[in-house]
Protein chains: 2
Amino acid sequence: MQSFKEENYLKAIYQLKIGDQKEVVTITDIAVQLGLKTPTVLEKIKSMAIKKLISYDKISGVQLTKNGFDVAVNIVRRHRIWETYLYKELKFSWSEVHEIAEQLEHVNSAKLIEKIYAILGYPKFDPHGDPIPDLKGVLPKSERRPLSKSVEGCKLLILGVSEHSDSFLNYLSEKHIGLNDRFVIEKIDGFDESLMLISKSKERCLVSAKAAKFIQVACLKENCACKASGGTTKA
Amino acid sequence: MQSFKEENYLKAIYQLKIGDQKEVVTITDIAVQLGLKTPTVLEKIKSMAIKKLISYDKISGVQLTKNGFDVAVNIVRRHRIWETYLYKELKFSWSEVHEIAEQLEHVNSAKLIEKIYAILGYPKFDPHGDPIPDLKGVLPKSERRPLSKSVEGCKLLILGVSEHSDSFLNYLSEKHIGLNDRFVIEKIDGFDESLMLISKSKERCLVSAKAAKFIQVACLKENCACKASGGTTKA
DNA sequence: TATTAAAATTAGGTATACCTAATAATAAAA
DNA sequence: TTTTATTATTAGGTATACCTAATTTTAATA
């Protein structure tokens, strides 16, 4: 409960690497993620490198060691299990769980987390659809990915969102995009990458590239071209 | 979640004042309670006095302001509700709950704590028998008190312990003192304040003054002299 | 009351986690 | 390839939370 800071650094690095699939994680990336300045981050990164939680050089950026990876996985795992518990067992709403889980993830008791995980029946995904890693960091397979990684012709099922601001949620309801809705991608604009979706009832709606990043979907079309590139989820 | 330190100071002061019934709480008291040195504590006390969480002068020692009291009550309340939840709902053992609750008490979500309190059915006491204060800090009435505050002739029911070390628990089992056992106080030694207990089956056992502080009991004898002095519980 | 013991306070030091401003190094673009 | 951005790094400063050692104050006791 005192390694708070370090846990948050490790989680941030994990999310940038695994979630956002960044090849190289930079000091600036971490600073942006945590809302800090680069000298602050650099200083901490150096001290964590001495502790062998990460490695750092300019070519490969910041990388988690085995040790650091284990800590990071644990935090992400706890976060997602708590989110699920809050949602399923304690009946919190979708939008409330993240903030509370952000605190609960730092509570250090393996027994506690395994107990609530057992009560939940060992789910593989949290209420946002994010995968729950096992203790070794292995993620369950998921078809889930952001809408932005689509191609024309994708047959999509809306699974969730990875952004919870009012303005974004309003945007979605104005466009009549809801959980479990289905759409086909009619056209992706060559210039701004906006997507024209078409529903079963032939309603069309245009989604900006920015919004598409935060809408989580699965493509139901077998062997769709969208499945060629590797898509994963984020926290 | 960053006011950790302050929350722990306020809790310590609350426990010294309300739990141990100290008239005057000193810098040294707090230092002992938190395992810190007096200059460290003094420095922090000064800064918290500026923030109006406490007041401090040499005559009346450290005192909680309305503000500081509210924070302290909240922490204690959360701690005891979590202990109850861990014990009753998540089936942790008596001895495990304290350490985990120590962390969970700092999770800041009124809604979370009220939800789990509701699930528990609004109990008035935690599994150690400690009273759960309401949001205003009002404690439920309890007959519970340490064995050390007994007089000769008390008819006692063992309710619990406020110390969980192996050595202490072994001490109790050697003396055949267990939960819900009943004893009468045959004699309190005038010199070392050790207590001679006598069970229904006429077995005698001698309990030292030190051990008596950590054994929680209720006196079943009406109008017993032990009830004259005000006795309360501690965390 | 003088002495001793205990508690509080002051002084000064360390480590951590932040920051700004300035400079150096690297990558991108003209 | 030179210029321009972007990143990284260094230097130096602040605040917090700790510490030890020394001193002062207060309380207890002889």
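- We find that CG of Asn8(B) is positioned 16 Å from C1' of dT16(D), with the value rounded to whole Å.
- Under the 3.5 Å distance criterion, the side-chain polar atoms of Lys187(B) are left unmatched by any main-chain donor or acceptor of Leu195(B).
- Whole-Å rounding puts the Ile45(B) CD1 to dT9(C) P distance at 11 Å.
- Backbone-only engagement by Thr28(A) is indicated by non-hydrogen atom pairs under 4.0 Å involving sugar-phosphate atoms exclusively.
- Tyr117(B) carries Arg77(B) over the face of its six-membered ring, with the cationic atom under 6.0 Å from the centre and within 45° of the normal.
- Each of Lys51(B) and Thr40(B) was matched to the nucleotide of DNA chain D holding its nearest heavy atom; the match closer to the 5' end belongs to Lys51(B).
- Residues Lys58(A) and Pro39(A) each lie close to DNA chain C; by heavy-atom proximity, the contact nearer the 5' end of the strand is made by Pro39(A).
- In this structure, Ile30(A) places its CD1 atom 14 Å from P of dA17(C), rounding to the nearest Å.
- Between Tyr9(A) atom OH and dT16(C) atom P there is a gap of 13 Å when expressed in whole angstrom units.
- Minimum atom distance to the side chain of Lys37(B) is reached by dC19(D), of the listed dT9(C), dA17(D), dC19(D).
- Not one side-chain nitrogen or oxygen of Lys46(B) sits closer than 4.0 Å to the OP1 or OP2 atom of dA8(C).
- Distance, Met48(A) CE to dA15(C) P: 19 Å, rounded to whole Å.
- Ranking dT9(D), dT9(C), dA17(C) by closeness to the Leu42(B) side chain, first place goes to dT9(C).
- Look at Lys51(A) and Glu6(A) and you find a salt bridge, because one of the NZ, NE, NH1 or NH2 atoms lies within 4.0 Å of a carboxylate O, short of that distance.
- Using a 4.0 Å heavy-atom criterion, one finds that Ser47(A) contacts no nucleic acid atom at all.
- Below 30°, between 30° and 60°, or above 60°: for Tyr171(B) and Phe168(B) the angle between ring planes is below 30°, a parallel geometry.
- Both Thr38(B) and Glu43(B) lie near DNA chain C, and the one whose nearest nucleotide falls closer to the 5' end is Thr38(B).
- Rounded to an integer number of Å, the gap from CG of Asp57(A) to C1' of dT7(D) is 15 Å.
- Stacking of Lys46(B) on the aromatic ring of Tyr56(B) is not recorded, the 6.0 Å distance cut-off and the 45° axial limit not both being met.
- The side chain of Lys5(A) lies closest to dA17(C) when the candidates are dT10(D), dT10(C), dA17(C).
- For Lys44(B), the side-chain atoms get nearest to dA17(D) when compared with the rest of dA17(D), dT9(D), dA8(C).
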